[in-house]
Undergrad: 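Could you have a look at this structure, given as structure tokens, before my questions?
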Number of protein chains: 2
Amino acid sequence: MNKRKYGCGLDAAVDLMGGKWKALILWALHFDTLRFGELRRTVPGISERMLTLSLREMESTGLVHREMYYEVPPKVEYSLTEFGHSLVEAMTPLGEWGESNLDRIEAVTGGGNT
Amino acid sequence: MNKRKYGCGLDAAVDLMGGKWKALILWALHFDTLRFGELRRTVPGISERMLTLSLREMESTGLVHREMYYEVPPKVEYSLTEFGHSLVEAMTPLGEWGESNLDRIEAVTGGGNT
DNA sequence: CAGCATCCCGTACGATACTG
DNA sequence: CAGTATCGTACGGGATGCTG
């Protein structure tokens with residue numbers, strides 16, 4: 001049962017793009033429509049399982065569009081919906097902040113705890 | 001051992017404020033310096049344990065400042081550091097996006113999956 | 001190539017009780 | 001008031017193997 005209302009919009013947004021991989025996937029798809037294998041190569045370190053799961057989840061939340069081509073070598077392309085693009089744009093400042101403070105963040109997370 | 005480098009700044013930022021409660025706590029502290037009990041009341045649904053853990057973690061990452069007063073009724077005040085404030089500011093667009101799309105988000109997360 | 005199934009583990013999180 | 005200790009669970013996530 002999921003009766004979770006969100007404390008604020010930020011909470012809701014984090015729920016959508018939180019987790020370990022969704023932000024990376026969103027980011028990757030922001031620039032290009034990508035196939036499964038391309039995504040796998042673009043997002044470093046992700047497993048097939050997590051890519052599949054994340055993609056499915058983002059499909060179901062309307063962030064990602066999935067286009068299947070019924071060909072002999074199976075081909076599936078993933079792209080962002082308008083909704084997805086708008087989210088990425090909202091995340092951009094956070095991403096820039098993160099990059100500006102990468103050193104510091106790596107220092108505190110690497111030497112600290114979870 | 002923690003050799004996690006981040007895929008991008010966004011990844012790093014999400015690592016800092018991800019989780020279930022940190023965003024809410026940051027948000028609450030953005031407006032005011034708050035005591036433990038006040039925070040507990042401000043962040044709806046959080047347990048003492050999670051509040052403590054989140055606070056400790058954010059202390060260790062330099063987002064939150066903790067000020068103890070050695071008085072008879074113990075008193076501790078939490079506030080954001082400059083670092084914390086800058087993070088909140090970077091998160092703001094995301095929060096606004098979330099609020100603008102609250103209905104949609106609740107619909108897709110409430111009826112879907114995690 | 002794209003993807004699902006299964007096993008397994010760590011930890012994030014929750015509930016409850018106790019303390020200075 | 002402001003925590004800490006302990007226990008238990010659920011889920012996120014990794015590794016591996018199989019299918020159309």
Side-chain angles (χ1 to χ4, degrees), chain A residues 1-4 6-7 11 14-25 28-29 33-61 64-79 109 112-114, chain B residues 1-4 6-7 11 14-25 28-29 33-61 64-79 109 112-114:
Chain A
M1 251 304 120
N2 218 329
K3 45 54 164 303
R4 71 137 45 119
Y6 296 104
D11 196 13
V14 169
D15 206 38
L16 272 189
M17 45 68 80
K20 194 167 182 177
W21 302 108
K22 302 206 195 78
L24 282 304
I25 297 174
L29 290 177
T33 291
L34 293 174
R35 304 180 52 174
F36 189 86
E38 290 173 329
L39 262 172
R40 196 143 86 88
R41 268 169 266 123
T42 303
V43 180
I46 193 169
S47 65
E48 288 162 13
R49 174 189 151 86
M50 288 320 294
L51 182 52
T52 302
L53 289 180
S54 303
L55 246 15
R56 291 269 176 264
E57 203 172 317
M58 296 165 86
E59 256 186 273
S60 84
T61 51
V64 164
H65 172 70
R66 173 189 156 126
E67 188 73 38
M68 278 211 62
Y69 301 88
Y70 288 87
E71 305 174 358
V72 176
K75 176 177 168 184
V76 182
E77 286 186 345
Y78 293 93
S79 57
T109 56
N113 44 30
T114 302
Chain B
M1 59 152 60
N2 220 328
K3 47 60 163 307
R4 70 137 45 121
Y6 296 104
D11 196 12
V14 169
D15 206 37
L16 272 190
M17 47 65 82
K20 196 166 181 179
W21 302 108
K22 301 206 196 78
L24 281 307
I25 297 173
L29 289 178
T33 291
L34 293 174
R35 306 179 51 173
F36 188 88
E38 290 173 328
L39 262 171
R40 197 144 83 88
R41 270 169 263 123
T42 303
V43 179
I46 194 170
S47 66
E48 287 161 14
R49 174 188 152 85
M50 287 320 295
L51 183 52
T52 301
L53 289 180
S54 303
L55 248 13
R56 291 270 177 264
E57 203 172 318
M58 296 164 86
E59 254 187 276
S60 85
T61 52
V64 163
H65 171 71
R66 173 188 156 125
E67 188 73 37
M68 277 210 62
Y69 300 88
Y70 289 86
E71 306 176 355
V72 175
K75 174 176 168 184
V76 182
E77 287 186 343
Y78 292 94
S79 57
T109 55
N113 41 30
T114 301

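So you know, we letter chains A, B, ... as the sequences are listed, proteins then strands, and number each from 1.
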Undergrad: Can you check side chain to side chain contact (heavy atoms under 4.5 Å, CB included) on Leu34(B) and Thr42(B), steps first, answer last?
TA: CA-CA 9 Å; Leu34(B) 293 174; Thr42(B) 303; 3.9 Å; yes
Undergrad: Side chain of Arg35(A), heavy atoms from C-beta onward: which of dG3(D), dA2(C), dA2(D) has the nearest atom to it?
TA: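 Nearest to the side-chain atoms of Arg35(A), counting from C-beta on, is dA2(C).
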Undergrad: Quick one: what's the B/S/- string for nucleotides 15-20 of chain D, heavy-atom cutoff under 4.0 Å, read 5' to 3'?
TA: B----B
Undergrad: In whole angstrom, what separates Met58(A)'s CE from dG12(D)'s C1'?
TA: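 Those two atoms, CE and C1', are 16 Å apart.
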Undergrad: Taking only residues two or more places apart in sequence or in another chain, which ones pass side chain to side chain donor-acceptor pair (under 3.5 Å) with Tyr70(A)?
TA: none
Undergrad: Which nucleotide sits closest to the side chain of Phe36(B): dG3(D), dC1(D), dG13(D)?
TA: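 Side chain of Phe36(B) sits closest to dG3(D).
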Undergrad: Could you work out which one of dC13(C), dG14(D), dG3(C) sits closest to the side chain of Lys20(A)?
TA: dG14(D)
Undergrad: Using a cut-off of 4.0 Å on non-hydrogen atoms, how would the nucleic acid contact of Tyr78(A) be classed: base, sugar-phosphate, or nothing?
TA: sugar-phosphate
Undergrad: Kindly write out the residues that satisfy salt bridge (Lys or Arg N to Asp or Glu O under 4.0 Å) with Glu38(A), not counting sequence neighbours, or none if the list is empty.
TA: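 Once residues adjacent in sequence are excluded, Glu38(A) has no partner under the salt bridge (Lys or Arg N to Asp or Glu O under 4.0 Å) criterion.
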Undergrad: Using atom CE of Met50(B) as one end and atom C1' of dG3(D) as the other, report the distance to the nearest whole Å.
TA: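 It works out to 15 Å between those atoms.
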Undergrad: How would you list, by chain and number, every residue that makes a salt bridge (Lys or Arg N to Asp or Glu O under 4.0 Å) with Glu67(A), sequence neighbours excluded?
TA: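 Partners of Glu67(A) under the salt bridge (Lys or Arg N to Asp or Glu O under 4.0 Å) test: none.
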Undergrad: Can you list everything that forms a salt bridge (Lys or Arg N to Asp or Glu O under 4.0 Å) with Arg35(A)? Sequence neighbours excluded, please.
TA: none
Undergrad: Using the test side chain to side chain donor-acceptor pair (under 3.5 Å), find all partners of Arg66(A) that sit at least two apart in sequence or belong to another chain.
TA: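 In terms of side chain to side chain donor-acceptor pair (under 3.5 Å), with neighbours along the sequence ignored, Arg66(A) is linked to Tyr78(A).
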